[in-house]
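Report on the structure given below.
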Protein chains: 2
Amino acid sequence: MSQFNVNEFMPYLLYQAAEASGLEFQEVYKRRYGMLRTEWRVLFHLGGNGAMTASQIGALANLHKTKISRAVQKLSDRRFLIRRRDTSDRRSEQLSLTPAGQAVYADLIQVAQSYDQVLLSDLTPHEAQVLRRTLHKLCSKDMPRFT
Amino acid sequence: MSQFNVNEFMPYLLYQAAEASGLEFQEVYKRRYGMLRTEWRVLFHLGGNGAMTASQIGALANLHKTKISRAVQKLSDRRFLIRRRDTSDRRSEQLSLTPAGQAVYADLIQVAQSYDQVLLSDLTPHEAQVLRRTLHKLCSKDMPRFT
DNA sequence: GCTTGTTAGTTACAAAAACAACTATTACAG
DNA sequence: CTGTAATAGTTGTTTTTGTAACTAACAAGC
């Protein structure tokens, strides 16, 4: 029937690699701070970009507003971020990390950087470069609809 | 504080690429056959390897036994696979696709192949090759524990 | 002003995944 | 044999996620 091999199917392979590489990092933010995936993502975006609104984060991180809403709620409960209602548009609010949140961010980027180093240590600089480039291409790629 | 950029953090980038590339394919197996991720995976492994036990699939696909159990249940309900109790060890059963299941498999690998083609169409052959190689490396990499 | 439409974000409910405890069977030590 | 441990797989319960419906605020046309 086929010479098809699932393990070479790109979405499958990507998912496996993502899961394998994300597992240990998940352990860290989960155990240390009781955070969920969406939460560390929101935290990282805020940490890297300063104050943002929920929808800005959503657009940047490709996250649905409900996910963000809940993540923000939890981060706020834990005093990792503060919400400041926008005076010019009171529907939205500016989110920014508290000092505590910044400390968490600082801690986690340390871990993340060590992570990346370990992950890339098996790759040549050229491989790492091509990997990055191709992944970015795949991210921005919009697929045709197979209806 | 940092020149750290989440978008370049490998687990994050991998996950984004995996999600972006998997979305459209998910649409297909979901709409056409009402299947879940674990289900198409199990189906694909069976389609590619012939009869296997649940634990063999689990080992191969890095899936937890409970996930597989439920996926097998559903595939069996839909008559896409049959379970045959192993005579020598009655704890386990050999799973294999029915003709109907093979038809679904045949259909989906078509889609998968088109998919891969589209995904890789933006990459040079060399990029595609490096991408594959590096992803495999990342999959088999075991990370040190950051306890 | 007042309707209609849009955007920001929340909440409620349904679907799916993760985790733990369980049954049935086999393996093996004594 | 018999008791203990290990393996295959299932079931039950809790978390997380996904989806849809909702409220509040703004925007624009009339």
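Labels below follow one simple rule: chain letters A, B, ... track the order of the sequence lines, proteins then strands, and each chain is numbered from 1. Worth knowing before you read on, the calculation uses all heavy atoms, side chains too, and leaves out hydrogens, waters and symmetry mates.
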Using the 3.5 Å cut-off, write out each protein N or O paired with an N or O of nucleotides 3-8 of chain C and the distance between them.
unit_1 : atom_1 : unit_2 : atom_2 : d
C:dT7  : O2     : A:R91  : NH1    : 2.6

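Remark: aromatic rings of A:F44 and B:Y12 are distant, center separation not under 6.0 Å. Between B:F25 and B:W40, the ring center distance clears the sub-6.0 Å criterion.
Once you apply a 4.0 Å limit to the heavy atoms of chain B, the touched nucleotides of DNA chain D run 5' to 3' over D:dA6 to D:dT19.
Place B:S88 and A:V72 on DNA chain C by their nearest nucleotides, and A:V72 ends up nearer the 5' end.
We find that CZ of A:R70 is positioned 12 Å from C1' of C:dG9, with the value rounded to whole Å. Here the C1' atom of nucleotide C:dT26 and the CG atom of B:D86 are 12 Å apart, to the nearest Å. If you take CZ of A:R31 and P of C:dA18, they are 19 Å apart, rounded to a whole angstrom. Separating the CG atom of B:L36 from the P atom of C:dA15 is a distance of 11 Å, rounded to the nearest angstrom. The distance between atom CG of A:L63 and atom C1' of C:dG9, rounded to the nearest whole Å, is 15 Å. Distance CZ (B:R41) to C1' (C:dA17): 13 Å, rounded to an integer number of Å. Between the NZ atom of B:K67 and the P atom of C:dA20 there is a distance of 15 Å, given to the nearest Å.
As judged by a 4.0 angstrom heavy-atom cut-off over every strand, A:K74 is placed among residues making no nucleic acid contact. Nucleic acid contact class of A:I68 (heavy atoms, under 4.0 Å, all strands): none. Here A:R83 lies in heavy-atom contact (under 4.0 Å) with sugar-phosphate atoms only.
Distance alone, capped at 3.5 Å, is enough to place a donor-acceptor pair between the B:Q16 side chain and the A:A61 backbone.
A donor atom on one side chain and an acceptor atom on the other are found under 3.5 Å apart for A:R37 and B:Y15. Residues B:H126 and B:T124 have side chains that never bring a donor and an acceptor to within less than 3.5 angstrom of each other. Defined by atom type and a distance below 3.5 Å, a donor-acceptor pair is present between the side-chain atoms of A:E8 and B:H136.
For CZ of B:R133, the number of neighbouring non-hydrogen atoms (other residues, nucleotides, ligands) closer than 6.0 Å is greater than 12.
Contact check on B:R70 versus B:E39 returns no salt bridge, with no Lys/Arg side-chain nitrogen under 4.0 Å from an Asp/Glu carboxylate oxygen.
Every residue two or more places apart in sequence or in another chain that forms a salt bridge (Lys or Arg N to Asp or Glu O under 4.0 Å) with B:D122 is listed here: A:K141.
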